[in-house]
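Only one structure is covered here, and it is reproduced in the block below.
One-based numbering, in listed order, for ligands and for the atoms of each. This chain uses plain numbering: 1 for the first residue, then up along the sequence.
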Amino acid sequence: CKGINGLDKVVLRDPRGSTAEVYLYGAHVTSWKNDHGEELLFVSSKAIFKPPKAIRGGIPICFPQFGNHGSLEQHGFARNRFWSIDTDPPPFPTNSKSFIDLILKPSEEDMQKWPHSYEFRLRVALGTGGDLMLTSRIRNTNADGKPFTFTFAYHTYFSVSDISEVRVECLETLDYLDNLQNKERFTEQGDALTFESEVDKIYLSTPTKIAILDHEKKRTFVLRKDGLPDAVVWNPWDKKAKTMADFGDDEYKHMLCVEAAVVEKPITLKPGEEWKGRLELSAVPSSYCSGQ
Ligand code: TA6
């Protein structure tokens with residue numbers, strides 16, 4: 001169906017009532033609601049749904065480059081391209097009742113910037129418990145025998161009631177690169193992460209499960225990931241928020257990015273090889289012990 005500015009989008013509905021919406025532009029998930037109809041992702045009220053600008057919020061797909069770690073535009077070009085619905089995907093079993101398969105192949109223009117051919121298949125699926133599952137399958141289809149190397153992130157914006165009441169668990173004691181200090185490497189001290197200023201850290205070799213506790217909403221987001229060893233934690237806070245035209249001055253209080261990613265050790269694929277990166281998001285009552 002048609003979304004904002006007439007952009008095509010797909011709406012997924014689970015029989016229990018949870019929903020998700022994904023725009024073909026950027027294969028960009030912009031909404032994930034639980035079975036009470038509560039929106040769990042953050043999208044800025046000033047988001048610009050107009051190519052070639054990336055939509056501010058939801059789950060931007062960062063490929064073939066995360067951040068400015070390379071020669072391409074920030075976060076690569078996949079989030080700024082029109083994807084197609086993959087009507088004939090290779091067999092890929094799922095127990096989801098509601099999912100969509102999208103595919104991106106390089107345009108001539110993209111081949112100028114990144115001279116490789118690939119098939120990037122993204123499956124967005126709603127699980128029976130209202131979980132949101134994203135699976136990326138990226139295959140090198142270079143005819144010239146050339147391998148290629150990429151970095152990647154699901155740049156997920158979570159909706160939170162008050163950033164100063166949010167904790168992130170499972171990243172304690174890990175090393176991270178601090179984007180605010182020249183990407184220098186540090187070690188996280190002891191306790192769960194809390195937020196009182198701008199943060200932009202790439203945690204390295206993180207566990208497969210990360211928990212985001214929203215105290216006020218009595219809700220815990222749980223990220224489960226596979227093939228995505230790193231996790232980026234970002235909140236622009238007040239000063240940086242004011243510099244972003246597509247982001248409200250106060251919106252930093254109601255969002256947190258925790259991004260399942262591959263940054264420290266880029267992926268190299270030979271022709272014919274395929275990489276898979278899976279992210280499963282769930283939102284559970286906060287009595288949930290994130291240690292489970
Ligand atoms: O994921 C954190 C980050 O790399 C920050 O440095 C900040 O630039 C953010 O992504 C947003 O990037 P964007 O290009 O979407 O404005």
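Of the protein's non-hydrogen atoms, Asp200 OD2, 3.2 Å is the one closest to atom 5 (C) of ligand 1. The shortest contact between atom 8 (O) of ligand 1 and any protein heavy atom is with Gln74 NE2, 2.9 Å. For atom 3 (C) of ligand 1, the closest non-hydrogen atom of the protein is His75 NE2, 3.8 Å. Summary of contacts: the protein heavy atom closest to atom 16 (O) of ligand 1 is Arg56 NH2, 2.9 Å. Protein heavy atom nearest atom 14 (O) of ligand 1, with residue, atom name and distance: Arg79 NH2, 2.9 Å. Counting protein heavy atoms only, atom 9 (C) of ligand 1 is closest to His155 NE2, 3.7 Å.
Dense packing is recorded around NE2 of His254, with more than 12 heavy atoms of other residues, nucleotides or ligands lying under 6.0 Å away.
The aromatic rings of Phe148 and His116 sit tilted relative to each other, their planes meeting at an angle between 30° and 60°.
Atoms of ligand 1 lying under 4.0 Å from any heavy atom of Asn179, numbered from 1 in the order shown and given with element: 6 (O). The Phe66 neighbourhood of ligand 1 comprises atoms 1 (O), 4 (O), with distances under 4.0 Å to a heavy atom of that residue.
Taking a cutoff of 4.0 Å between a charged side-chain nitrogen and a carboxylate oxygen, Asp175 and Arg185 qualify as a salt bridge. Ionic pairing of Lys2 and Asp8 is present here: one or more N-O contacts between side-chain nitrogen and carboxylate oxygen are shorter than 4.0 angstrom.
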TODO: Show the numbers, then the answer: is there a ring-ring contact (aromatic ring centres under 6.0 Å, His included) between Tyr118 and Phe63?
DONE: CA-CA 12 Å; Tyr118 59 84; Phe63 171 82; 5.4 Å; yes
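Hydrophobic clustering (ILVMFWY, side-chain heavy atoms < 4.5 Å, transitive): Tyr23 and Phe42 are in distinct clusters.
Checked against Glu38 for a salt bridge (charged side-chain N to carboxylate O under 4.0 Å, His left out), the options Arg219, Lys218, Lys217 give a single hit: Arg219.
Contacts of Glu259 with ligand 1, taken as heavy-atom pairs under 4.0 Å, involve the side chain alone.
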